[in-house]
Amino acid sequence: MMRRPYVDFNYLKNELKPIFKVQYLSNDIIAGIIVALIAIPLSLAVSLASSVPPIVGLISAIVGSIIAAIFGGCTLAITGPAVAMTVIISQCVERYGLNSLLIIGLICGVLQIISGLFRFGRFTKLIPQPVTSAFIAAIGVIIIINQIPNIFDVGSNNHYHLFTILSHINYYVENMYPLNFVMTLITILLIVFLPYKIPTPYALIIAILIPSLFIYFSHLPNIKLVGFIPNSLSSSNLTVGINFTNYHSLILSGFAVFAIASLETLLSARAMNNRYKSNLSYKPNQELIGQGLANIGVALFGGMPVTGVIARSSVNAEVGGKTRRAAIVHAIFLIGLVYLFPSILENIPLCVLSAILVIAGLKMINYKEIIHFWKHDKFDVVIYLTTFITIISSDLVDGIQTGLILAIVISAIKMLLTTKSIVQLWSNNAVIRVSLSGNMSFWSFEELGSITDSILMKKDQLKFVIFEFSEVKIIDNTGARHLIDSAQELNSCGIKVIFHGVNAEQLKTLTINSINSTNPFIITITENDVKQELEKDGVTHLPTDVLRHGVSKFSRYAEDYKGLISTLAQGQNPHTLLITCSDSRLNPNAFFGASLGDLFIVRNVGNVVPPYSATEQHSEMAAVEFAINGLGIRNIVICAHTECGAVKASIKDLHYNTKSGLDNWLEIIKIGFRKENPIDADDGVQINLLNQVKHLKSYPLVKKLLMKQQLTISAWIYDVHSARVLEWDELQNKFICTTYKTELINSENTEVDNQ
């Protein structure tokens with residue numbers, strides 16, 4: 001079902017109302033100014049790393065912040081140029097000129113708006129984690145290496161490749177300007193160590209002010225400064241022609257910027273929501289729309305693409321920002337500096353900005369992620385290193401493409417290589433049972449070939465091979481052909497083949513691929529079908545062989561879920577006491593979706609709960625008392641089923657009792673039927689179930705907990721025809737289907753939409 005486009009004007013109306021109120025005005029002004037003081041050097045540093053004029057970064061911070069504050073989906077988010085996009089922006093500017101910012105900004109903005117309107121934001125998470133992590137780490141390394149010429153103040157690195165810079169390290173060291181290097185090092189140390197003494201937002205400002213003021217007042221010679229900043233909010237980008245050679249790469253860069261900007265924005269907004277949930281609202285689709293409008297606006301003003309930035313946003317919250325007004329104040333303060341005091345910005349040393357970029361780059365290289373990937377999945381390390389090396393040696397677009405392709409290929413291989421089998425020879429030496437699991441595809445050829453070869457080694461005694469499909473997920477056409485070929489090979493040696501537990505889709509695939517030949521296999525559904533096929537050929541069938549095979553399969557389950565088995569070995573803690581019938585058609589764990597340790601189950605003929613008696617004792621009473629007192633269970637379900645033999649027998653012989661054990665037991669059901677004559681078996685199932693609930697409520701312990709509203713009792717019926725479960729509804733006085741209708745929830749505060 002297609003969801004309508006996301007639009008929520010009421011949300012924006014309610015979010016913008018506080019801007020026009022006096023409440024929290026002083027909080028927002030103070031927060032806005034502090035964030036602006038941090039945003040100034042960060043924006044200038046991003047401009048430096050992106051190979052664009054300083055005014056471009058400031059325009060981006062001002063225009064992007066205002067538009068995103070009005071239309072975004074996170075109350076305290078601050079939008080601006082981000083370090084993560086500097087490398088790709090620098091590459092675009094180098095290849096296509098400064099005006100390429102207009103193209104990639106418009107592409108990014110339009111795609112973000114479309115993503116928000118159609119709720120596609122969650123799909124940015126399809127990028128595998130190793131690719132994202134490698135991308136961020138590679139950017140960090142590139143940023144650090146690119147700053148080496150600036151740190152040593154030797155030449156310009158704008159057109160140098162990373163390996164070129166590294167190969168000239170000796171030259172940089174020999175020809176460096178010592179004062180520039182020392183001031184950079186001092187700034188780095190201040191940024192690292194001051195937060196241990198004072199709050200981080202203030203520490204960063206002080207770490208930047210100390211070297212900047214020292215350089216300014218001591219008049220250190222030859223220290224490069226930011227330089228001229230025009231006192232206007234316009235850049236000359238729109239007047240510069242675009243080099244459209246290899247333009248498709250520019251478009252791909254726009255898509256890459258969209259993915260990076262959207263991912264960073266959503267991660268930033270989610271981090272803000274998790275940490276400051278009580279002080280802000282968070283609507284991810286609205287945030288994407290706001291960022292898209294911001295990027296279009298920034299592009300038209302000549303700026304570079306922007307994102308929601310976690311560093312500035314968290315500072316806004318930490319220093320007391322309360323409404324979207326703080327982001328607007330931050331932008332107004334920046335405008336004032338650009339128009340009234342540009343000389344302050346012009347005199348910021350480039351070595352200070354280089355120090356900021358080095359620290360930012362170091363924070364982006366998270367070695368713990370590689371350790372995590374190594375411990376949990378070695379393939380993720382391969383994807384990570386491949387992406388990282390490709391980005392470093394080539395460029396971002398190539399690196400991301402390579403990483404994504406490799407991740408897809410590895411995922412496909414891992415999926416296709418999951419064919420597993422358990423082979424067991426029955427005690428009669430005439431039957432081999434093969435339990436298949438995973439996916440049957442062209443990769444299954446080797447596994448099936450090995451199984452077939454092993455079977456043929458015993459062909460003189462064998463009469464049947466049973467392939468069990470209950471744990472097979474997918475069979476493609478090639479996998480089906482492999483199976484059929486194996487069956488034909490076994491048939492040629494006088495061995496019959498049974499395909500057991502094949503579902504409808506699998507059978508369709510097998511049938512299509514058998515169209516030109518006589519089916520070399522027999523289809524069975526139940527174990528009784530298997531028994532009949534074997535006995536037709538005079539082969540004995542021992543149920544213990546089936547059970548032993550089941551135990552072998554379960555051992556594989558236990559191996560995969562060692563943690564669960566180990567935990568349950570320490571003691572059980574089920575959430576529900578289930579009283580149900582002994583009928584073999586009922587598999588409570590299956591239709592309740594329950595795992596080991598979830599249900600404490602009592603089964604008997606007719607799901608009977610004998611009425612309470614102070615003198616007569618029975619296992620059902622003991623189970624109820626143990627469940628409540630011993631296990632602390634506070635939820636009881638009595639589950640009946642249609643076509644119940646106990647109910648039918650009780651209706652048929654309502655007034656007859658042979659005094660056998662079974663008849664004595666069924667007398668509990670018959671007593672209820674004599675009071676309420678059931679119309680038919682289905683009616684009898686319902687009457688009997690509700691009677692057993694009454695019996696359960698007669699137990700003193702149950703009655704006591706019900707009075708305190710500390711216990712719930714439910715009456716459910718499993719329909720053996722449809723596999724549906726019906727639940728008794730007290731208010732409607734009837735049984736209703738427990739399959740709840742799934743509704744699309746138009747709420748951005750749900751975890752589903754957040755993702």
Side-chain angles (χ1 to χ4, degrees), residues 418-440 444 447-448 450-451 454-455 458 461-475 483 486 490 495-503 506-507 521-535 537 539-569 572 574 578 580-604 639 641 718 720 723:
T418 55
T419 304
K420 296 180 181 179
S421 62
I422 293 177
V423 182
Q424 190 171 47
L425 177 66
W426 281 17
S427 57
N428 56 19
N429 293 323
V431 178
I432 282 182
R433 186 152 181 157
V434 182
S435 178
L436 300 170
S437 65
N439 303 300
M440 306 302 297
S444 306
E447 179 76 13
L448 285 172
S450 177
I451 293 170
S454 298
I455 292 171
K458 302 178 181 293
Q461 295 175 299
L462 284 179
K463 293 186 177 181
F464 280 92
V465 173
I466 305 169
F467 286 98
E468 186 178 335
F469 288 77
S470 59
E471 296 181 12
V472 173
K473 297 175 182 177
I474 299 171
I475 301 178
L483 284 164
S486 295
L490 292 170
I495 301 171
K496 291 188 176 180
V497 176
I498 294 176
F499 285 175
H500 180 66
V502 178
N503 65 35
Q506 294 166 351
L507 180 59
F521 53 83
I522 302 165
I523 296 293
T524 59
I525 298 174
T526 67
E527 289 296 338
N528 187 58
D529 294 337
V530 173
K531 176 185 177 183
Q532 291 180 2
E533 291 295 335
L534 297 182
E535 291 179 347
D537 282 50
V539 177
T540 57
H541 177 277
L542 293 177
T544 51
D545 285 322
V546 180
L547 296 177
R548 289 191 188 98
H549 189 73
V551 170
S552 299
K553 288 169 56 181
F554 183 78
S555 65
R556 182 168 60 197
Y557 171 89
E559 185 67 25
D560 292 338
Y561 292 91
K562 287 181 179 178
L564 175 62
I565 301 298
S566 177
T567 299
L568 292 177
Q572 61 173 320
L578 176 66
T580 190
C581 187
S582 302
D583 196 290
S584 63
R585 293 168 291 184
L586 271 68
N587 186 350
N589 285 76
F591 62 71
F592 285 137
S595 182
L596 291 176
D598 289 342
L599 303 177
F600 187 69
I601 303 177
V602 175
R603 302 191 72 159
N604 61 43
C639 184
H641 66 96
Y718 173 73
V720 298

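At a threshold of 4.5 Å between non-hydrogen side-chain atoms, the residues L564 and S595 count as touching. Taking the side chain as every heavy atom from C-beta outward, P574 and L599 never approach each other to under 4.5 Å.
Between the CG atom of N428 and the CD atom of Q461 there is a distance of 10.0 Å, given to the nearest 0.5 Å. A distance of 11.0 Å separates OH of Y718 from OG1 of T580, quoted to the nearest 0.5 Å. Atoms CG and OG1, from L547 and T544 in turn, are 7.0 Å apart once rounded to the nearest 0.5 Å. Here E468 contributes atom CD and S437 contributes atom OG; the two are 10.0 Å apart, rounded to the nearest 0.5 Å. In this structure, CG in L534 is found 6.0 Å from NE2 in H541, a value given to the nearest 0.5 Å. The line from CG of N503 to CD1 of I475 is 7.5 Å long, rounded to the nearest 0.5 Å.
Here the shortest heavy-atom pairing between H500 and T524 reads ND1-OG1, 2.7 Å. Minimum heavy-atom separation, R548 to Q424: C-OE1, 3.6 Å. Annotation for I422 and S552: closest pair CD1-O, 3.5 Å, computed over non-hydrogen atoms. L425 approaches N429 most closely through the heavy-atom pair CD2-OD1, 3.4 Å. Between F464 and E533, the shortest heavy-atom distance links the atoms CZ-O, 3.6 Å. Taking both residues in full, the closest heavy atoms of M440 and L483 are given as CE-CD2, 3.9 Å, listed atom of the first, atom of the second, then distance.
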Could you go through F469 and L507, starting from their C-alpha distance and side-chain angles, then the distance that decides it, and tell me whether this counts as side-chain contact (heavy atoms from CB on, under 4.5 Å)? CA-CA 10 Å; F469 288 77; L507 180 59; over 6 Å; no
Evaluation steps, side-chain contact (heavy atoms from CB on, under 4.5 Å), between V423 and S454: CA-CA 10 Å; V423 182; S454 298; over 6 Å; no
Does the side-chain contact (heavy atoms from CB on, under 4.5 Å) test come out yes or no for V431 and V539, once each step is laid out? CA-CA 8 Å; V431 178; V539 177; 3.7 Å; yes
Residue pair I466, H549: steps toward the side-chain contact (heavy atoms from CB on, under 4.5 Å) verdict: CA-CA 11 Å; I466 305 169; H549 189 73; over 6 Å; no
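Salt bridge status for K496 with D537: present, with a side-chain N to carboxylate O gap under 4.0 Å.
In this structure, the side chain of N589 does not engage the main chain of L596 through any donor-acceptor pair within 3.5 Å. Under the 3.5 Å distance criterion, the side-chain polar atoms of D560 are left unmatched by any main-chain donor or acceptor of Y557.
Using cut-offs of 30° and 60° on the angle between ring planes, the pair F521 and F499 is parallel.
Atom OH of Y561 is surrounded by 12 or fewer heavy atoms from other residues, nucleotides or ligands within 6.0 Å. Heavy atoms from other residues, nucleotides or ligands lying under 6.0 Å from NZ of K553 number more than 12. Taking a 6.0 Å sphere around CD1 of I525, one finds it holds 12 or fewer heavy atoms contributed by other residues, nucleotides or ligands.
When each of L542, V546, I432 is paired with W426, the side-chain contact (heavy atoms from CB on, under 4.5 Å) condition holds for V546 and for no other.
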